[in-house]
K.L.:
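Quick one: the structure is below, and I'll ask about it shortly.
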Amino acid sequence: MYLRCYPADTWGMGCHQDALRTLARQNGLPEPVLYLDNGARSCEARPALERLLEQAALGLVDVVLVPGPFVFSLDDVEAGHTVERLLAAGCLVLEIPSPHRTTWNGVS
């Protein structure tokens with residue numbers, strides 16, 4: 001799972017971690033590894049994201065769990081590029097379903 005929050009969340013985004021663990025269980029996935037860039041702006045260095053992308057490129061990561069692509073960047077285009085990099089590396093990117101969205105990962 002990948003999480004990023006600015007400004008830093010002193011609780012480490014516990015509610016998001018719990019929701020992503022639930023998503024993993026619902027999809028029959030093992031306990032997720034946390035990649036956390038707490039306190040980093042999307043325009044700053046994000047060492048956990050870089051490590052995640054490197055490990056995905058090496059085939060060490062199959063699925064990335066996120067609350068939404070906004071964790072990669074608040075800029076939709078930049079966030080989309082990160083998702084595309086993960087998909088190109090062979091990763092499935094799963095988002096927490098939103099009650100306000102009619103589709104989830106392109107499926108109605």
K.L.:
In terms of hydrophobic clustering (I, L, V, M, F, W, Y; side-chain heavy atoms under 4.5 Å; direct or indirect links), are Leu60 and Val33 co-clustered?
P.N.:
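Leu60 and Val33: separate clusters.
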K.L.:
Pro32 and Met1: which non-hydrogen atoms are nearest, and at how many Å?
P.N.:
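Looking at all heavy atoms of both residues, the closest pair is CG-CE, 3.4 Å.
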K.L.:
So, Asn27 side chain and Leu23 main chain: donor-acceptor pair closer than 3.5 Å or not?
P.N.:
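Here the side-chain-to-backbone pair exists.
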K.L.:
What is the minimum heavy-atom distance between Ala24 and Pro30, and which atoms define it?
P.N.:
CB-O, 3.9 Å
K.L.:
Taking all heavy atoms of Arg41 and all of Tyr6, pick out the closest pair and write down the distance.
P.N.:
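Closest approach of Arg41 to Tyr6, heavy atoms only: NH2-OH, 2.7 Å.
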K.L.:
Quick one: closest heavy-atom pair of Ala40 and Arg46, and the distance?
P.N.:
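Here Ala40 and Arg46 meet closest at CB-CG, 4.0 Å.
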K.L.:
I want to check something: taking the side chain as every heavy atom from C-beta on, are Asn38 and Arg4 in contact at a cut-off of under 4.5 Å?
P.N.:
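Heavy-atom side-chain distance check fails, nothing below 4.5 Å.
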K.L.:
Of all the heavy-atom pairs spanning Ala89 and Ala56, show the shortest one and how long it is.
P.N.:
CB-O, 3.6 Å
K.L.:
Using the test salt bridge (Lys or Arg N to Asp or Glu O under 4.0 Å), find all partners of Glu54 that sit at least two apart in sequence or belong to another chain.
P.N.:
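Glu54 satisfies salt bridge (Lys or Arg N to Asp or Glu O under 4.0 Å) with no other residue.
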K.L.:
Is it the case that one hydrophobic cluster holds both Ile96 and Leu34, taking links as side-chain heavy atoms less than 4.5 Å apart, direct or via other members?
P.N.:
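Same hydrophobic cluster.
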K.L.:
Cut-off 3.5 Å, side chains only: do Arg25 and Thr22 have a donor facing an acceptor?
P.N.:
yes
K.L.:
Where do Phe72 and Ser42 come nearest, in terms of heavy atoms and distance?
P.N.:
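Shortest heavy-atom contact: O-CB, 4.1 Å.
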K.L.:
Say you draw a straight line from CG of Asp18 to CE of Met13; how long is it, rounded to the nearest 0.5 Å?
P.N.:
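Between Asp18 CG and Met13 CE, I get 12.5 Å after rounding to 0.5 Å.
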K.L.:
Are there more than 12 heavy atoms of other residues, nucleotides or ligands under 6.0 Å from atom CG of Asp75?
P.N.:
yes
K.L.:
Side-chain contact test, heavy atoms from C-beta onward, threshold under 4.5 Å: evaluate it for Leu94 versus Leu29 and give yes or no.
P.N.:
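Yes, their side chains come closer than 4.5 Å.
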K.L.:
Going by atom type alone, with no hydrogens or angles, which donor-acceptor pairs under 3.5 Å involve a side-chain atom of residues 61-68 and a protein atom two or more places apart or on another chain?
P.N.:
none

K.L.:
Between the side chain of Asp37 and the main-chain N/O of Leu49, is any donor-acceptor distance below 3.5 Å?
P.N.:
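Checking the backbone N and O of Leu49 against the side chain of Asp37, a donor-acceptor pair under 3.5 Å is found.
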K.L.:
Evaluate Asp9 against Leu3 for side-chain contact (heavy atoms from CB on, under 4.5 Å), listing each step before the verdict.
P.N.:
CA-CA 11 Å; Asp9 180 344; Leu3 293 169; over 6 Å; no
K.L.:
Take atom CZ in Arg21; do more than 12 heavy atoms of anything else shown fall under 6.0 Å from it?
P.N.:
yes
K.L.:
Just how far is it from atom OH of Tyr35 to atom CG of Leu53, taken to the nearest 0.5 Å?
P.N.:
10.0 Å
